[in-house]
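No experiment lies behind these values; they were computed from the predicted model shown.
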Amino acid sequence: MTSPCVGVCSTSVGDTVCRGCQRHLAEIRDWPGYDEVQRAGRMHELDALRERVAGEFLRVTDAARLEAQLQRYRIRYRADQPALSRAVELLRVGRRHIQELSRYGLAAVGEGAELSCERLHEHITLRLLQAAEHRRLSVDDQQ
């Protein structure tokens, strides 16, 4: 079963939105009951969220280099996953070790230009959580 889970579920420590995959509690709970169309749609939404947020801080300069680094470090990604969504995973795993983003096919832009990889990851994660929480609240309002 396709899942956005990255094995870092912060909902177990009280978060209403997971820091790893940006799904809210109900989505995590209900995921096994979703059909393939629902899962694919949600995966697309999560990728779009990551692209939008990461795009405020990063741009991909070499998608092939990014993919090679993901493979080198055995970081899971999907064939249809956009490069910026993949970059979020790379930063999550390598934020303490990456010294030069260009070696990973990435460049920091905007607010990210002056940040270390660790701080860049923190900023992206915070913005992802805020956006995911906003989405959760709007879904709750619709129900």
Look up atom [atom1] in [X] and atom [atom2] in [Y], then write down how far apart they are to the nearest 0.5 Å.
{"X": "His97", "Y": "Gln99", "atom1": "NE2", "atom2": "CD", "result": "10.0 Å"}
{"X": "Arg65", "Y": "Leu101", "atom1": "CZ", "atom2": "CG", "result": "12.0 Å"}
{"X": "Asp47", "Y": "Asp80", "atom1": "CG", "atom2": "CG", "result": "7.0 Å"}
{"X": "Met43", "Y": "Glu36", "atom1": "CE", "atom2": "CD", "result": "10.0 Å"}
{"X": "Asp30", "Y": "Gln38", "atom1": "CG", "atom2": "CD", "result": "9.5 Å"}

So, do [X] and [Y] sit near enough that their side-chain heavy atoms are less than 4.5 Å apart?
{"X": "Val60", "Y": "Arg86", "value": "no"}
{"X": "Val88", "Y": "Val53", "value": "no"}
{"X": "Arg23", "Y": "Ser3", "value": "yes"}
{"X": "Arg76", "Y": "Glu89", "value": "no"}
{"X": "Leu66", "Y": "Gln69", "value": "no"}
{"X": "Leu120", "Y": "Arg95", "value": "no"}

Test of understanding: clusters of I, L, V, M, F, W, Y form through side-chain heavy atoms closer than 4.5 Å, transitively. Do [X] and [Y] belong to the same one?
{"X": "Ile98", "Y": "Tyr73", "value": "yes"}
{"X": "Tyr34", "Y": "Leu46", "value": "no"}
{"X": "Leu115", "Y": "Leu90", "value": "yes"}
{"X": "Leu49", "Y": "Leu91", "value": "yes"}

Quick check: closest heavy atoms across [X] and [Y], and the distance to 0.1 Å?
{"X": "Pro4", "Y": "Cys21", "value": "O-CB, 3.4 Å"}
{"X": "Leu58", "Y": "Ala108", "value": "CD2-CA, 4.2 Å"}
{"X": "Ser85", "Y": "Glu51", "value": "N-CG, 4.4 Å"}
{"X": "Leu106", "Y": "Ala87", "value": "CD2-CB, 3.8 Å"}

If you draw a 6.0 Å radius around CD in Glu114, do more than 12 non-hydrogen atoms from other residues or ligands fall strictly inside?
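Counting other residues, nucleotides and ligands, CD of Glu114 stays at 12 neighbours or fewer.
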Can you tell me if CZ on Arg103 sees more than 12 non-hydrogen neighbours from other groups inside 6.0 Å?
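Atom CZ in Arg103 is not crowded, with 12 or fewer foreign heavy atoms closer than 6.0 Å.
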Report the C-alpha distance between Arg127 and His123 in whole Å, list the side-chain angles of each, state the deciding distance to 0.1 Å, and finish with yes or no for side-chain contact (heavy atoms from CB on, under 4.5 Å).
CA-CA 6 Å; Arg127 294 268 178 90; His123 279 68; 5.6 Å; no
Does Arg50 form a side-chain contact (heavy atoms from CB on, under 4.5 Å) with Leu84? I'd like the steps, not just the answer.
CA-CA 7 Å; Arg50 287 175 166 196; Leu84 272 174; over 6 Å; no
Given side chain to side chain donor-acceptor pair (under 3.5 Å), test Glu27 with His24 step by step and report yes or no.
CA-CA 5 Å; Glu27 288 176 304; His24 53 81; 3.3 Å; yes
If only side-chain N and O atoms count, and only distance matters, is there a donor-acceptor pair under 3.5 Å linking Ser102 with Glu100?
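There is such a pair (donor and acceptor under 3.5 Å, judged by atom type) between the side chains of Glu100 and Ser102.
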Please name the residue in the list Leu25, Ile28, Leu129 that meets the side chain to side chain contact (heavy atoms under 4.5 Å, CB included) test with Cys18.
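Result for side chain to side chain contact (heavy atoms under 4.5 Å, CB included) with Cys18: Ile28.
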